Structures are given as C-alpha cells and as structure tokens.
Amino acid sequence: MSDTFVLGWEEWAAFPDLGLPAIKAKVDTGARTSALHAVAIEPFGPANNPQVRFLMHPIPDQPDVEVTCAARAVDRREVISSNGEAELRWVIQTHLKIGERSWPIELTLTNRETMMYRMLLGRVAIQPDMVVNPTVSCAQGELSYDLYRDFPRRKPVKRPLRIAILTREPNNYSSRRLVEAAMERGHIAEPINTARCTMAINALSPAIFYDGRKLDRYDAVIPRIGASMTNYGLAVLRQFELTGAYCLNAPDAIGASRDKLYAHQVLARAGIGMPTTAFAHSPKDTKNLIDHVGGSPLVVKLLESTQGRGVVLAETKKAAESVIDAFRGLDANFIVQEFVKEAGGADIRCFVVGGKVVAAMKRQGAEGEFRSNLHRGGQGLKVRITKEERAAAVKAAKALGLSVAGVDLLRADSGPKILEVNSSPGLEGIESTSGKDVTSMILEYIENHVHVVRKPKPRRKPVVSEEILRPSVE
Ligand code: ADP
Ligand code: MG
C-alpha cells in the first residue's frame with residue numbers, strides 16, 4: 001500500500017462533472033453526509049431518471065460569480081442540519097477530486113449562503129484508507145478561485161441541459177425531432193406553447209407563467225415562433241433571455257428577419273445580391289414602382305406572405321398595374337420585385353448553423369408554377385451548391401445576426417440572389433432531402449454556446465441594469 005492519504009480540516013476540492021474547478025470544503029467527520037451549496041434547485045426530466053439543475057456561487061465573497069450545474073438526482077432525503085432542523089434535500093452523485101485522488105461521492109444540495117464553506121465533506125464520503133488530521137489545513141495542496149476567471153467560455157458543456165422549444169406546434173416534425181435528438185444527447189427538451197405563456201415584467205425577478213404556473217429555469221430556448229405570433233413570441237423569448245436562458249436565435253435578429261423590408265435593407269447594406277426590389281407608400285407611384293424594377297414581368301409580394309401565399313407573378317405591365325392597384329385597395333403592405341426568370345421556378349434552401357451551411361436542397365416548383373414552396377406543390381431535390389452560393393448564405397445569416405437560418409436564394413445569371421432569410425426553418429424537408437442530421441448539429445451548437453459561468457463584467461462598477469440581467473434567487 002502506498003502512503004496514507006491525509007485530509008486536513010479544510011481542503012480544496014473540484015467537481016469536474018459539475019464544471020466546478022475549485023471549491024473550498026470543510027472536512028467534518030461529525031457530519032454523516034456531504035453537502036454542497038446550491039440555490040434555485042429545480043428537478044427536471046422524466047420521473048424515472050430525474051435530473052437536478054442548480055446555481056452555484058463558488059466564491060463566498062463574490063456572489064456574482066455564478067455557475068449553472070446539473071446532475072442526475074439519486075435520491076431525495078431528509079437531512080438534519082447542524083442547527084437541528086430537518087430539511088428535505090436532493091441528493092446527487094458526482095466525482096470529487098482532491099489532490100491527485102478522484103472518487104464518486106453523494107452530495108446533498110442545500111443553501112449554504114450564510115456558512116463559511118460552500119461545501120461540507122462528511123464521513124460517508126471519506127474513503128477507508130484516508131485519515132483526517134484536524135491540525136493541518138489543505139494537506140492536499142492549494143487551488144485558486146482564479147480558475148473561474150480563466151474559465152473557458154466556449155467549452156462544450158457536459159451537463160444535461162434543460163431546453164425549451166418555443167412553439168405552437170409541439171407535435172410537428174421539427175418539434176418531435178428536437179425532443180428526440182435532445183434526449184439522445186442526454187438533454188431534456190420541452191415544447192412550450194408561446195400562446196400559453198404569460199409574463200410578469202419585474203426588474204428583480206423576471207418570471208414566465210405557463211397556464212398560470214411559474215415556469216422553472218431553462219438553459220436554452222429554441223425559438224420556433226410562427227409568423228402569426230411574432231410580436232408576442234418575441235416578448236416571451238426576451239423574457240426567457242432575462243431569466244438566464246441562452247436563445248438560439250436572438251430576439252432582435254428574429255424581428256429583423258421577419259420584417260421583409262427591413263431585412264432587405266440590412267442585406268443590401270451588407271452588399272448581398274438580391275433581386276431588385278421596390279416599395280412605396282403613395283398610391284400615385286404605381287408606374288414608378290414598375291420602372292424601378294425594370295418593367296414587367298415582375299413579382300408582387302405581400303410583406304406578410306409565407307409559404308408563397310401572397311406572391312404573385314405579373315407577366316405584363318397591365319397585369320402588374322392591376323395587381324398593385326388591387327393590393328393598394330386592400331391597404332396591404334407589399335414589395336415589387338424583378339422577376340428572375342432563369343431560376344426556372346426553383347430556389348435553393350441553404351440551412352445555416354453557426355456560420356456554416358450544413359445542408360442544402362433545391363426546391364422545384366410544380367409544372368407551370370414559378371413558386372417553388374413545398375406547400376405549393378414544390379419538390380425537394382438534392383443539390384450541390386457553389387462556393388459563391390455558400391458564401392452568400394453565410395453572409396446573409398450573419399448580416400441579420402441569426403445563428404440558425406434557412407437562407408433561400410435564386411440562381412440568377414449574374415450569381416446567387418437572396419430571396420429571404422427564415423429564422424425558424426423547418427427540419428423535415430431539409431433532413432429528408434439532404435439525408436443530414438441537421439437537428440443534432442443545432443443541439444451541438446447549443447451545447448457549445450450555453451452559459452457556463454456568469455461573471456461580472458471586468459472594470460465596470462455594478463450598475464442597476466446588471467442586477468436586472470441577473471435573476472434574483474428565491
Ligand atoms: P414566401 O415568404 O411566401 O415563401 P418568397 O419570397 O419566398 O415568399 O417567394 C415564394 C417563391 O416564389 C420563391 O421560393 C421562389 O420560388 C418564387 N419567387 C419569389 N420571388 C421571385 C423572383 N423575384 N423571381 C423569381 N421567382 C421568385
Ligand atoms: Mg419562401
């Protein structure tokens with residue numbers, strides 16, 4: 001046998017699986033179980049395999065450094081604390097590392113905010129070959145809280161994530177695939193119906209209520225907000241962001257992409273090729289509008305069109321005038337666009353995740369139809385996109401600030417022309433056509449971007465807004 005392993009009356013510990021590189025623990029053989037400081041403790045996942053998510057402030061005098069942790073719950077148990085009170089606590093199992101040794105231990109989770117140590121190491125967790133020497137401090141060496149300062153920001157998280165899918169269609173292909181793929185990767189994704197969320201807008205404790213019940217915290221939200229609910233959906237998404245969740249697409253970026261006119265301005269400013277487009281408010285401008293886009297044939301589009309429903313091809317100048325006048329009579333918002341004939345009733349959908357085109361498909365409109373939308377009888381086909389098309393799609397998603405986007409473009413003689421950028425692109429057509437597992441790529445992106453540690457911004461005095469961004473803890 002090698003030398004005995006000595007524990008002092010206090011030791012520096014680490015929990016690699018929880019993402020905690022340094023915690024100062026009090027070694028207390030008078031206590032049976034070990035305890036870890038935790039707040040906002042919330043169970044999630046299936047009843048037969050529950051997980052617990054909690055927030056941890058590892059540095060006693062720096063409560064603004066916050067680490068989000070999650071682990072499998074092994075039990076829920078009544079524990080008598082040092083003040084004699086019984087408390088029902090969640091118990092997790094995880095690896096403890098002290099010095100060179102690492103071993104699995106059980107930890108109960110409890111609020112130790114008022115205690116000197118964030119962790120208590122009880123006798124059950126002390127291995128048979130270890131001895132406690134109550135006269136020494138840190139027999140296994142020192143660690144430092146600086147480890148939190150250098151915490152890698154982009155390291156993929158290992159913890160099980162609790163993900164909300166903001167959707168009104170929990171049973172469609174995209175929602176089902178996201179739930180499935182999340183589970184395969186050890187996470188839990190729950191569809192949340194946007195229309196059933198209400199919000200309490202309050203600076204100290206931003207909350208979301210679901211059918212009247214307060215929602216727990218989520219690590220990430222996947223917004224799949226329908227066009228009919230853009231404004232309310234974005235407000236709900238912002239509220240999730242306030243409660244500390246990572247939004248796959250930022251609310252502002254979704255808002256920009258939904259506003260076709262604004263999106264066109266953003267793309268134009270970024271130097272991205274688009275069909276010549278005109279917009280006017282005055283009813284006298286019909287002739288000018290037509291001239292702006294080079295005469296007929298031209299395409300007139302309702303700004304709120306989706307699935308090709310409000311997109312009309314006017315073959316002649318006369319037809320163009322009557323369509324424009326008709327839309328005006330209805331007080332509709334619309335754009336007039338040059339018709340890209342050589343596209344041949346087809347467009348290309350490029351699926352962008354994190355600045356890369358991860359899959360693409362060609363959509364070919366039905367015979368005699370210039371609109372290629374699958375909802376209009378279009379067909380998805382395999383396609384190889386060019387370098388130029390790839391670059392244009394990536395640039396368009398970036399210009400609008402979208403991490404995940406479906407970029408639609410036309411193949412024009414002069415190169416790719418971007419039609420629109422969709423912030424919640426469907427997964428069914430693209431996965432079945434390209435054969436790629438786009439859903440898993442989205443989840444991997446979330447794993448790489450979810451918040452790990454939240455720390456105060458350096459060299460800035462804490463201001464009120466910082467307080468607002470950090471959810472208070474009940
Ligand atoms: P929606 O948002 O309703 O899908 P789009 O702008 O994407 O509206 O247009 C629907 C379809 O019509 C496109 O996928 C494309 O096939 C066709 N289309 C749209 N604009 C043009 C254009 N300027 N030239 C040629 N075809 C077009
Ligand atoms: Mg479209």
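Heavy atoms only: backbone and side chains are in, while hydrogens, waters and symmetry mates are out. Keep in mind that this is a model prediction, so the values were computed, not measured. As the structure lists them, so they are numbered: ligands from 1, and atoms in each ligand from 1.
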Once you measure the plane-to-plane angle for His37 and His57, does it fall in the parallel (<30°), tilted (30-60°) or perpendicular (>60°) bin? tilted
Verify side chain to side chain contact (heavy atoms under 4.5 Å, CB included) between Leu178 and Arg224, making sure each step is shown before the conclusion. CA-CA 11 Å; Leu178 285 164; Arg224 301 200 59 87; 3.9 Å; yes
Write none if no such pair exists; otherwise list each N/O atom of ligand 1 with its protein N/O partner under 3.5 Å and the distance.
from     : atom 1 : to     : atom 2 : distance (Å)
ligand 1 : 2 (O)  : Lys260 : NZ     : 2.8
ligand 1 : 2 (O)  : Ser305 : O      : 3.4
ligand 1 : 2 (O)  : Glu420 : OE1    : 3.0
ligand 1 : 2 (O)  : Glu420 : OE2    : 3.1
ligand 1 : 3 (O)  : Ser305 : OG     : 2.5
ligand 1 : 3 (O)  : Gln307 : N      : 3.4
ligand 1 : 3 (O)  : Gly308 : N      : 2.7
ligand 1 : 4 (O)  : Gly308 : N      : 3.4
ligand 1 : 4 (O)  : Asn373 : ND2    : 2.9
ligand 1 : 4 (O)  : Glu420 : OE2    : 3.2
ligand 1 : 6 (O)  : Lys301 : NZ     : 2.6
ligand 1 : 7 (O)  : Glu420 : OE2    : 2.8
ligand 1 : 14 (O) : Asp347 : OD2    : 2.8
ligand 1 : 14 (O) : Ser372 : OG     : 3.1
ligand 1 : 16 (O) : Phe370 : O      : 3.4
ligand 1 : 16 (O) : Ser372 : N      : 3.1
ligand 1 : 16 (O) : Ser372 : OG     : 2.9
ligand 1 : 20 (N) : Lys301 : NZ     : 3.1
ligand 1 : 23 (N) : Gln337 : OE1    : 3.1
ligand 1 : 23 (N) : Glu338 : O      : 2.8
ligand 1 : 24 (N) : Val340 : N      : 2.9

Among the N, O or S atoms of Glu420, which one sits nearest to the Mg ion (ligand 2)? OE2
May I ask you to say whether Arg363 pairs ionically with Asp408, meaning some side-chain N is under 4.0 Å from a carboxylate O? yes
Test item: Asn193 side-chain N/O and Arg168 main-chain N/O as donor-acceptor pair under 3.5 Å: no
Look at the aromatic rings of His449 and Tyr445 and report parallel, tilted or perpendicular, splitting at 30° and 60°. parallel
So among Val236, Asn249, Leu234, which one has a side chain to side chain contact (heavy atoms under 4.5 Å, CB included) with Ile225? Leu234
